[in-house]
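Notes for the one structure printed next.
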Amino acid sequence: MPKTEPGKAGADTLVRLDLNNPVFQRDLLGLQKPERHAALDTLAKLLQMTWQQVYRDKGLRWEKITSVKPPSGIDALYSLRITQVRRAVAYREGDFIRMLSIPPDHDATYGKK
C-alpha cells in the first residue's frame, strides 16, 4: 500500500485505525479508567474523520516528531493528543493511522530524557 503524507492524495479519505501494536495495546490498557475512556473516545472520533480533518483539528494537534529517527520503512513519526494529558505516537500508512505507543509523559513522546 503506498504511503500518503499530508498534502498528498487521500486527504479526503476516512481514517482507518491499526491498534495492533503490542506496545500501544499495553499502554492503552495500562491507563487509569478515566484516561482510558478518553483515549477510546479519541479513537472513535478518529474513525469519523477524514485525513484533512485530522491535520486541521486543533484538539488532536497532529505533529511530526523531528527529534526521533523513524524506524526503517516509516517516513515519519507523528504525535497526536489522545487524552487531555497524553499524546500517542503513530505514523500514517495509506489510509491507516498505525498507533505505536502512548508514552507516559510529553518528553518521552519526543524522545527527550
Side-chain angles (χ1 to χ4, degrees):
M1 180 175 286
K3 293 180 180 151
T4 307
E5 293 302 323
K8 294 188 181 176
D12 293 325
T13 304
L14 283 176
V15 167
R16 297 174 69 189
L17 294 177
D18 175 0
L19 310 178
N20 290 318
N21 185 291
V23 174
F24 176 78
Q25 291 173 359
R26 181 199 66 214
D27 293 348
L28 178 65
L29 296 175
L31 295 173
Q32 295 295 316
K33 190 174 183 179
E35 259 196 310
R36 187 171 57 247
H37 284 240
L40 292 173
D41 287 346
T42 299
L43 295 171
K45 173 183 173 178
L46 284 167
L47 285 174
Q48 299 172 30
M49 298 176 80
T50 65
W51 277 99
Q52 198 64 254
Q53 291 169 323
V54 170
Y55 301 146
R56 293 182 177 170
D57 191 282
K58 303 266 189 242
L60 292 174
R61 295 193 60 216
W62 177 267
E63 299 175 348
K64 186 174 184 176
I65 301 173
T66 57
S67 58
V68 176
K69 184 179 180 208
S72 178
I74 298 174
D75 291 336
L77 294 175
Y78 295 89
S79 73
L80 64 146
R81 183 175 289 137
I82 196 158
T83 73
Q84 286 280 13
V85 297
R86 299 271 189 133
R87 297 189 66 80
V89 176
Y91 67 99
R92 180 174 180 179
E93 184 175 23
D95 297 340
F96 281 90
I97 293 179
R98 305 228 186 253
M99 304 301 278
L100 297 176
S101 66
I102 305 172
D105 59 51
H106 182 81
D107 286 347
T109 302
Y110 296 94
K112 300 174 188 170
K113 293 184 179 181

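Small disclaimer: the values here were computed from a predicted structure and weren't measured.
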Quiz item: What is the minimum heavy-atom distance between Arg92 and Asp95, and which atoms define it?
Solution: NH2-OD1, 4.3 Å

Quiz item: Any side-chain heavy atom of Lys69 sitting closer than 4.5 Å to one from Leu77?
Solution: no

Exercise. Working to the nearest 0.5 Å, report the span between CD of Glu35 and OG1 of Thr83.
Key: 4.0 Å

Quiz item: At what distance, to the nearest 0.5 angstrom, does CG of Leu60 lie from CD1 of Ile97?
Solution: 8.0 Å

Quiz item: For the atom pair CG (Asp27) and CZ (Arg36), what is the distance rounded to the nearest 0.5 Å?
Solution: 13.0 Å

Quiz item: Donor-acceptor pair, Thr42 side chain versus Ile82 backbone, under 3.5 Å?
Solution: yes

Self-check item: Rounded distance [0.5 Å steps], CZ in Arg86 versus CG in Leu31
Solution: 5.0 Å

Quiz item: So do Arg98 and Ile74 actually touch side chain to side chain, heavy atoms under 4.5 Å?
Solution: no

Self-check item: Linked, directly or transitively: Leu14 and Phe96 (ILVMFWY side chains, under 4.5 Å)
Solution: no

Quiz prompt | Contact check, side chains of Leu19 and Met99, non-hydrogen atoms, under 4.5 Å | solution = yes

Exercise. Just jot down the salt bridge (Lys or Arg N to Asp or Glu O under 4.0 Å) partners of Lys45, sequence neighbours excluded, or say none.
Key: Asp57

Quiz item: If you group Ile, Leu, Val, Met, Phe, Trp and Tyr by side-chain heavy-atom gaps below 4.5 Å, do Leu100 and Val23 land in one group?
Solution: no

Quiz item: Could you state the interatomic distance from CE (Met49) to CG (Leu46), rounded to the nearest 0.5 Å?
Solution: 6.5 Å

Quiz item: In Å and rounded to the nearest 0.5 Å, what is the CH2 to CH2 distance from Trp51 to Trp62?
Solution: 4.5 Å

Quiz item: Under 4.5 Å between any side-chain heavy atoms of Ile65 and Pro70, yes or no?
Solution: no

Quiz item: Looking only at heavy atoms, which two atoms of Arg87 and Ser79 are closest? And how far apart?
Solution: NH2-OG, 2.9 Å

Self-check item: Pro103 versus Ala88, closest heavy-atom pair with distance
Solution: CD-CA, 4.5 Å

Exercise. Decide side chain to side chain contact (heavy atoms under 4.5 Å, CB included) for Ile102 and Leu28; before the verdict, give the C-alpha distance in whole Å, the side-chain angles of both, and the deciding distance to 0.1 Å.
Key: CA-CA 7 Å; Ile102 305 172; Leu28 178 65; 4.1 Å; yes

